[in-house]
Chemist: 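Handing you a structure now.
None of these values were measured; they are calculated from a predicted model.
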Amino acid sequence: MGWNGDVLRGALAAKKKGIDIGFTVTQDTGEYWTDNWTIAAAAKNPVAAHKWINYVLQPKVAGREWDYVGYTVPVQGAKGYVSPEIGKNPMVDIPSSTLDKYESQIVTPRISELTAKYYTKFKA
């Protein structure tokens, strides 16, 4: 199990050594993960934080980030700055018809507790 950007980077590196790594996305329902940027209320420099976020939301910058990390970024126009090897790769370019069946996890105190519990067991 892995995240598509990480698996993609591993698959591209393995391919250079003649090793093929596959990636399967279930066609049934599932969960997708999203990262978020937040600025803490007590941040020492929220103006700089906003400027940084505005910078990385520029299509050219977002496209370079997408190309580097292998994760799709939801910035309109960014795909024009992504190499075809990354942007058109089925590990990254998952069709909307598939993702429409997925949902984001709702984080509740109970889910947070379970996540911490099992992550701690996994690390041990």
Side-chain angles (χ1 to χ4, degrees):
M1 184 173 92
W3 289 267
N4 63 332
D6 296 335
V7 172
L8 174 62
R9 284 195 309 275
L12 293 174
K15 189 174 187 174
K16 291 176 184 176
K17 296 178 180 182
I19 301 168
D20 286 325
I21 294 178
F23 184 77
T24 302
V25 177
T26 180
Q27 298 302 304
D28 297 324
T29 60
E31 179 186 7
Y32 62 85
W33 180 267
T34 59
D35 290 327
N36 299 284
W37 295 322
T38 60
I39 302 170
K44 290 183 180 181
N45 197 335
V47 172
H50 279 97
K51 284 183 180 185
W52 177 80
I53 289 173
N54 288 339
Y55 170 75
V56 296
L57 289 176
Q58 295 175 67
K60 186 174 184 177
V61 176
R64 286 193 322 243
E65 179 75 8
W66 179 348
D67 215 29
Y68 177 75
V69 299
Y71 290 100
T72 306
V73 296
V75 175
Q76 191 170 18
K79 194 167 188 175
Y81 297 98
V82 179
S83 68
E85 180 181 42
I86 303 293
K88 295 184 184 224
N89 192 299
M91 289 186 190
V92 176
D93 193 19
I94 300 169
S96 294
S97 59
T98 299
L99 290 178
D100 287 347
K101 299 176 208 168
Y102 280 51
E103 60 185 42
S104 182
Q105 180 185 35
I106 297 172
V107 180
T108 64
R110 178 72 178 135
I111 293 293
S112 293
E113 177 186 318
L114 289 170
T115 301
K117 174 183 174 182
Y118 288 103
Y119 184 68
T120 301
K121 284 184 177 189
F122 173 76
K123 287 187 343 182

Chemist: Please test Asp28 against Lys101 for side chain to side chain contact (heavy atoms under 4.5 Å, CB included), starting from the C-alpha separation and ending with a verdict.
Modeler: CA-CA 7 Å; Asp28 297 324; Lys101 299 176 208 168; over 6 Å; no
Chemist: Which atom pairs, donor and acceptor, lie under 3.5 Å between side-chain atoms of residues 116-124 and protein residues at least two apart or in another chain?
Modeler:
unit_1, atom_1, unit_2, atom_2, d
Thr120, OG1, Ala116, O, 2.7

Chemist: Show me the pairs that pass salt bridge (charged side-chain N to carboxylate O under 4.0 Å, His left out) and involve residues 105-115, at least two apart or across chains.
Modeler: Arg110-Glu113
Chemist: Please output the side-chain donor-acceptor pairs of residues 48-59 that fall under 3.5 Å, not counting sequence neighbours, one pair per line with the distance.
Modeler:
unit_1, atom_1, unit_2, atom_2, d
His50, ND1, Pro46, O, 2.8
Asn54, ND2, His50, O, 3.4
Gln58, NE2, Tyr55, O, 3.2

Chemist: By side chain to side chain donor-acceptor pair (under 3.5 Å), which residues pair with Asp67, not counting sequence neighbours?
Modeler: Ser83
Chemist: Which pairs with one or both residues in residues 5-23 pass side chain to side chain donor-acceptor pair (under 3.5 Å), sequence neighbours excluded?
Modeler: Asp6-Arg9, Asp6-Tyr71
Chemist: Show me the side-chain donor-acceptor pairs of residues 75-82 shorter than 3.5 Å, one per line, residues at least two apart or across chains.
Modeler:
unit_1, atom_1, unit_2, atom_2, d
Lys79, NZ, Asp93, OD1, 3.4
Lys79, NZ, Asp93, OD2, 3.4

Chemist: Nearest 0.5 Å, please: how far is CH2 in Trp66 from CD1 in Ile86?
Modeler: 10.5 Å
Chemist: Might you work through the side chain to side chain contact (heavy atoms under 4.5 Å, CB included) test for Val61 and Glu65, ending with a clear yes or no?
Modeler: CA-CA 6 Å; Val61 176; Glu65 179 75 8; 5.7 Å; no
Chemist: Provide the closest heavy-atom pair for Ile21 versus Met91 in the form atom of the first, atom of the second, distance.
Modeler: O-CE, 3.4 Å
